[in-house]
Amino acid sequence: MQYDVTLDCWIAVCDLPIHVDALVRETPDGTIMMLINNALSASGKRKAYRHERKHILRGDLHSERSATEIENEN
C-alpha cells in the first residue's frame, strides 16, 4: 500500500473480482482508499488509477448520484 499525497489517498493493488478494475471508497474516518485489481497489466493498472483519480478530483465520493450515473458520464 502506498500513499498518494496529491490525492490524500491510500492506494493498494489487491485481488478484486475480475470484472472490477478498481474502486474508490471513503472509510468512516474519512480516509480515501483506492483499490486496483492485481490481475490488470501494468498499463491497465495505470489506466484504472487515472480513472479513479478523476472520481476523487471531481468529488464523486460525496455525490448524490448513483454509481451508474457517475460511470455513464465517463
Only pairs under 3.5 Å count here: list side-chain donor-acceptor contacts from residues 6-15, not counting sequence neighbours, and write none if there are none.
residue: T6; atom: OG1; partner: D4; partner atom: OD1; Å: 2.5
residue: D8; atom: OD1; partner: Y3; partner atom: OH; Å: 2.2

Quiz item: Side-chain heavy atoms under 4.5 angstrom apart, residues restricted to Ile, Leu, Val, Met, Phe, Trp, Tyr: same cluster for L23 and I70?
Solution: no
Self-check item: For R46, all residues meeting salt bridge (Lys or Arg N to Asp or Glu O under 4.0 Å), sequence neighbours excluded
Solution: none
Quiz prompt | Hydrophobic cluster identity match, L57 and Y49, side-chain contacts under 4.5 Å | solution = yes
Quiz item: Would you say the side-chain atoms of N72 pair up with the backbone N or O of T68, donor to acceptor, closer than 3.5 Å?
Solution: yes
Quiz item: Do the side chains of E71 and H55 get nearer than 4.5 Å, heavy atoms only?
Solution: yes
Sequence neighbours left out, cut at 3.5 Å: what donor-acceptor pairs do the side chains of residues 33-42 make with other protein atoms?
residue: N37; atom: OD1; partner: A39; partner atom: N; Å: 2.9
residue: N37; atom: ND2; partner: L16; partner atom: O; Å: 3.3
residue: N37; atom: ND2; partner: P17; partner atom: O; Å: 3.1
residue: N37; atom: ND2; partner: V20; partner atom: O; Å: 2.8
residue: S41; atom: OG; partner: S43; partner atom: OG; Å: 3.2
residue: S41; atom: OG; partner: G44; partner atom: N; Å: 3.0

Quiz prompt | Spatial distance of atom CD (E52) from atom CZ (R25) [nearest 0.5 Å] | solution = 9.0 Å
Quiz prompt | Residues, nucleotides or ligands: over 12 heavy atoms within 6.0 Å of K47 NZ | solution = no
Quiz item: Are K54 and D60 within salt-bridge range, i.e. N to O under 4.0 Å?
Solution: no
Quiz item: Quick one: CG on L61 to CD on E26, what's the gap to the nearest 0.5 Å?
Solution: 6.0 Å
